[in-house]
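One structure below.
Not measured: the values here are computed from a predicted model. Side chains are part of it too, since the values below use all heavy atoms of this structure and drop only hydrogens, waters and symmetry mates.
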Amino acid sequence: MCPRCKIISTNLVRLPKAAIGRGEIALTFDDGPDAHVTPLVLDQLDLYGAKASFFCIGEKVAAQPDLVAEIVRRGHSIENHSYNHRNLFAFSGIRKLKMEVVATQQAIHSANNGISSRFFRAPFGFRSPWLGGVLRQTHMQHVAWTRRGYDAVCRNPDVVLRRLVHNLSAGDILLMHDGGSARTPNGQPVVLEVLPRLLERCVSHGLRSVSLPMALSNAQL
């Protein structure tokens, strides 16, 4: 049940040495796309020339293919985050796990000009012992994170930012949410208040945000 554990199957928690040498980090966003929040996240990324990876829920991809296409058009990657994001995903058998992964791949393939995802993140990061085999069959790599801000539950942008930038360095994979973001006391999605400050910090540290395919373009699964 440990999201960053590497014992039961391969699990990417930091970028490879080549990406570290280039001063790269990976911003990743879960649980979208969201019709309101995702376009605003894209606008903020554009302002800083930053690229990211969006781990999307399959049923949301199927419902909003135009938004998925817009994410890709702006230079970001669409990755697989299961079809229904069920709370008990980690307790599924092989057949159900494969259905969730494959159905999402098909939805992404349809919305993304015939291109499927290379990376998968389990809901909440919790993995079944059988998931590794399913991902090998579908030629995918599981991705966790170096650190997360808990922006889906924490309403304080300062706390979320502090968690994300603590010991921030090249090679980090950061987890945020464009879908299901918590709201500040004034009703603003936390991610929208945190992201520009995080991007400023990256610039001041000489770090470049890239998508996972960019960071691992020459890496073997």
Pairwise distance [atom1]([X]) to [atom2]([Y]) - rounded to 0.5 angstrom:
X: L12; Y: T146; atom1: CG; atom2: OG1; value: 8.0 Å
X: T104; Y: N84; atom1: OG1; atom2: CG; value: 7.5 Å
X: L15; Y: I173; atom1: CG; atom2: CD1; value: 4.5 Å
X: L47; Y: E200; atom1: CG; atom2: CD; value: 10.0 Å
X: S9; Y: R136; atom1: OG; atom2: CZ; value: 7.5 Å
X: Q64; Y: I57; atom1: CD; atom2: CD1; value: 10.5 Å

Within the distance-only criterion (no hydrogens, no angle test), does the side chain of [X] pair as donor or acceptor with the backbone N or O of [Y] below 3.5 angstrom?
X: N186; Y: Q188; value: yes
X: R155; Y: G187; value: no
X: D151; Y: H177; value: yes
X: H76; Y: F54; value: no
X: R127; Y: N11; value: no
X: K51; Y: L27; value: no
X: S181; Y: V191; value: yes
X: E24; Y: R208; value: no

Nearest heavy-atom pair of [X] and [Y]: which atoms, and what distance?
X: V101; Y: N80; result: O-ND2, 3.0 Å
X: T138; Y: V102; result: CG2-CG2, 4.1 Å
X: F126; Y: P3; result: CE2-CG, 3.8 Å
X: V134; Y: K98; result: CG1-CA, 3.8 Å
X: L168; Y: H205; result: O-CD2, 4.4 Å
X: S82; Y: F120; result: N-CE1, 3.6 Å

Can you establish whether the number of heavy atoms outside [X] located under 6.0 Å from its atom [atom1] is more than 12?
X: R95; atom1: CZ; value: no
X: K96; atom1: NZ; value: yes
X: Y48; atom1: OH; value: yes
X: R148; atom1: CZ; value: yes

Quiz item: So, are R121 and D31 salt-bridged, with charged N and O less than 4.0 Å apart?
Solution: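 Looking at D31 together with R121, the answer is no, because their closest N to O distance does not fall below 4.0 Å.
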Quiz item: Do NZ/NE/NH1/NH2 and the carboxylate oxygens of R73 and E70 come within less than 4.0 Å?
Solution: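 A salt bridge links R73 with E70.
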Going by heavy atoms in the side chains, are [X] and [Y] under 4.5 Å from each other?
X: C154; Y: R163; answer: yes
X: R147; Y: N167; answer: yes
X: L40; Y: D178; answer: no
X: V143; Y: R118; answer: no

Quiz prompt | Evaluation steps, side chain to side chain contact (heavy atoms under 4.5 Å, CB included), between F29 and V37 | solution = CA-CA 11 Å; F29 297 90; V37 176; over 6 Å; no
Are [X] and [Y] connected, step by step, through hydrophobic side chains (Ile, Leu, Val, Met, Phe, Trp, Tyr) whose heavy atoms are closer than 4.5 Å?
X: L45; Y: I25; value: yes
X: L192; Y: I71; value: yes
X: V194; Y: L174; value: yes
X: V165; Y: Y150; value: no
X: V203; Y: V210; value: no

Quiz prompt | M176 vs L164, side chain to side chain contact (heavy atoms under 4.5 Å, CB included): CA-CA, chis, key distance, verdict | solution = CA-CA 9 Å; M176 291 172 285; L164 290 170; 3.9 Å; yes
Exercise. Could you give me the CA-CA distance, side-chain angles and deciding distance for S117 and Q105, then say whether side chain to side chain contact (heavy atoms under 4.5 Å, CB included) is met?
Key: CA-CA 6 Å; S117 297; Q105 286 291 77; 3.2 Å; yes
Quiz prompt | Cation-pi, F89 ring and R86 (6.0 angstrom, 45 degrees) | solution = no
Practice problem: Could you label the plane-to-plane angle of the F124 and H85 rings as parallel, tilted or perpendicular, counting under 30° as parallel and over 60° as perpendicular? | Solution: perpendicular
Quiz item: Only one of S53, P213, S77 forms a side chain to side chain contact (heavy atoms under 4.5 Å, CB included) with F119, so which one is it?
Solution: P213
Quiz item: Could you go step by step and tell me if I108 and I115 meet the side chain to side chain contact (heavy atoms under 4.5 Å, CB included) rule?
Solution: CA-CA 7 Å; I108 292 171; I115 300 173; over 6 Å; no
